[in-house]
Amino acid sequence: MKIICLGVSYQTASVQVREPFAIAESVLGRSLADLKAMEAISEAVIVSTCNRVEFYAAAEDAQAAYCALLAFAEAHSGVAPVVPDPFYLLEDDDAVRHLFRVVSGLESMVLGETEILGQVKKAYAAATTAQTTARHLNKLFQRAFNVAKEVRTRTAITRGPVSVGSVAVELAERIFGRLAECHAMVLGAGETSELTARALLSRGVKSIFVANRTYERAAALAAEMGGEAIRFEECEKRYPEIDILISSTAAPHYIVTREKMIPIMAQRHGRPLFVIDLAVPRDVEPAVNDMEGAYLYDIDSLQTIARRGMDERKKEVTRCEALLGHHVTEYVQWLGEAPVWPGEPGRIHQELRNSGKEERTEPAT
Amino acid sequence: MGRILLYLSTLCLLLGPALTLAFLKAGRAYPRLLNRSAIAAGFLFQTLFLIHRGREIGHCPLTNLFEVLIFLGWSITLFYFVIGHGYRISLLGTFTGPLVALLQLTALLAVTDAPHPRFLPHPAWVEWHAALCIMAYAAFALAGVAGVMFLAQEHRLKTRRLGPGFYEMPSITALATVNLRLIWAGAVLLTVGLASAWALHPQVSAKIWIWGGSLWLLYLLLPLARRWSPRRLALLSAAAFVISVTALCLVGHFGTGASMGGAAL
């Protein structure tokens, strides 16, 4: 039995090229059934995410399976897939290694991200529901999930934040612990500050105030995030209430100074204040960081931490590869030794073909 | 037999933190279970030693400085399990293990384990008082550990040099809370310990009362100083523990065996 993978990803093609091949969840079951109905395909799983579309198949004849997969992709999208670029065709250990890399986040846009594991699990669940898998792909995907778990626990590939938003969240959690009791304020409705605020909200920040020179813009952003809009002139009065301040105004000078913060910090009785200054030029005087209980991070320091996090992850790739290699060898060895059972779909097709009684099954379009 | 148990305990208490640091340095996940198991094994050996010694001498093993240091180490480990579990303070064991190991090594290598020459059989309340005061020391010790952790994490947050293990450390808010609560717990235990000694045995030497009373005042002032910042509290709790251990050793050197518990009798 052969394991084959036909795919296209963000690494090889733009979204315009990828999108015709994407398979919506609503039609996934039907597509799987169509794929499985093709003569050359014994087992099939389709992984379709925003970053990749991949067809995994187990087949007796690799060449015939390639042709079937290409025909299926063309029939589904109305566009002929171009191999080897942007589409890639992988076989046996290359296909197995590729799947293990995908589930471990090594092929992801954000190296080491774990969302892909959930997406592949979902894809596999859909295939088992549609009964398009048997022992070869079952074993392959179950092994892949174990590999992903092992890689996550035995290496640092998923550890440490790698974006400004996630750095802000991690730092906030190292200061306050659970964020459920924290109140945040956004000064200036910029894109990065909004993303950062959303990241904090997703981790349970209790409430959020939005202040902007244009009140209407603050109100619109507050409504979008489920927060409260306040007038820019009033924001200083609210400082004692908040725990996290995200600032990204277009002011040409400091709007949060040490002098202004002295009475505010005194009112906090040691309660920490996390200040995130995303503005260029900076909104917050650097001397604020010297105040007891105040933790100031500007855009450069956040980006440096994110970059270091990514560098740390990149260093882990070699260790991940070593872990994967062992599993690839084991699986391919098992694949080579595994006998074909009499009831297996591949065998049935083969027998039907040999006996000349096989019914012709047309691939769906 | 007793000393072997203590060496085994020390080994386990050092092994857990050493493995944790090695894991974190290698970029691997914090081995929570491994660390906790090693410290639990250390605690088990400590307990076995105390039972063994207690049976040997016929009462609570607090008759000389050696035993007091071991009992203190045991109490700190006990508090660690209660606090570490209750507040989910990760890495507390990594900081606690070496401290307890240091106390045990000091006892094993630098303190003579001989019955105190002035030690005499005493009533049960004396043991009760001494045990309570040692438990108070243990709470203060762990508060000191939480204080050191707070200062380390706070320094990294301020300087933005996060380094290995930063994301595994508890939040500074949790550390400040634990620090304060442990000081309160220690202060209450010490108050009860000293009050029982005062009520039941008022003819204790003035020198010892001054030590015990000063220590009690010092720790009572810490949590009462509500306006102090968590940083200052952390710094003072770490410093206060060093002072109190020094006091304990001095009283152990000059006082009677059973009196060392709270520097009171």
Side-chain angles (χ1 to χ4, degrees), chain A residues 112 149-161 166-167 169-179 181-182 243 265-275 286 288-298 300-306 308-309 311-313 315-316 318-320, chain B residues 22-34 86-92 146-147 149-180 222-237:
Chain A
K149 191 179 168 192
E150 195 178 326
V151 163
R152 227 171 17 188
T153 52
R154 293 187 59 189
T155 73
I157 195 73
T158 59
R159 228 158 297 146
S166 59
V167 169
V169 167
E170 287 285 348
L171 289 171
E173 286 183 339
R174 298 280 78 75
I175 295 170
F176 302 104
R178 285 177 64 243
L179 302 183
E181 293 303 315
C182 291
D243 304 289
M265 291 309 290
Q267 285 177 56
R268 300 180 68 82
H269 304 304
R271 199 156 53 96
L273 178 68
F274 180 29
V275 185
V288 167
N289 192 50
D290 301 333
M291 301 176 77
E292 203 161 321
Y295 303 93
L296 168 64
Y297 283 75
D298 60 25
D300 269 7
S301 46
L302 292 171
Q303 279 174 343
T304 305
I305 295 167
R308 274 191 206 139
D311 290 345
E312 288 299 317
R313 288 189 183 194
K315 278 188 211 160
E316 288 299 290
T318 317
R319 286 180 62 203
C320 297
Chain B
F23 269 63
L24 291 180
K25 207 169 172 203
R28 291 175 67 174
Y30 166 45
R32 192 181 303 272
L33 190 66
L34 195 71
Y87 290 92
R88 295 177 181 272
I89 300 290
S90 60
L91 288 178
L92 187 63
M149 287 174 78
F150 177 96
L151 293 171
Q153 189 74 337
E154 211 250 357
H155 175 75
R156 299 209 277 185
L157 279 164
K158 277 281 187 195
T159 57
R160 298 160 194 147
R161 288 188 200 123
L162 307 184
F166 175 81
Y167 298 109
E168 311 286 345
M169 285 276 277
S171 69
I172 53 169
T173 303
L175 287 168
T177 307
V178 164
N179 188 18
L180 188 64
L222 288 184
L224 288 178
R226 282 174 176 270
R227 286 179 176 272
W228 286 4
S229 68
R231 186 176 184 278
R232 211 168 297 173
L233 194 65
L235 198 64
L236 283 169
S237 65

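Just the heavy atoms: all of them, side chains too, but no hydrogens, waters or symmetry mates, feed the values below. Every chain is numbered from 1, with letters handed out A, B, ... down the list of sequences. None of these values were measured; they are calculated from a predicted model.
- In this structure, the portion of B/Arg156 lying under 4.5 Å from any heavy atom of chain A is its backbone and not its side chain.
- Partners of B/Phe150 according to the ring pair (Phe, Tyr, Trp, His ring centres under 6.0 Å) rule, which considers only residues two or more places apart in sequence or in another chain, do not exist here.
- Every residue two or more places apart in sequence or in another chain that forms a side-chain hydrogen bond (donor to acceptor under 3.5 Å, both in side chains) with A/Arg271 is listed here: A/Asp243.
- A side-chain donor from one of B/Glu154 and A/Tyr295 sits under 3.5 Å from a side-chain acceptor of the other.
- Heavy atoms closer than 4.5 Å to chain B are found in the backbone of A/Thr153, but not in its side chain.
- Considering CG of A/Leu302 and CD of A/Glu170, their distance stands at 12.5 Å, rounded to 0.5 Å.
- Interface remark: A/Leu296 contributes backbone and side-chain atoms alike to the contact with chain B (heavy atom separation under 4.5 Å).
- Residue contact with chain B, scored on non-hydrogen atoms closer than 4.5 Å, involves the side chain of A/Arg308 exclusively.
- Only the backbone of A/Met291 comes within less than 4.5 Å of a heavy atom of chain B; no side-chain atom from C-beta onward does.
- Nearest heavy atom pair, residue B/Gln153 against residue B/Phe166, reads NE2-O, 3.3 Å.
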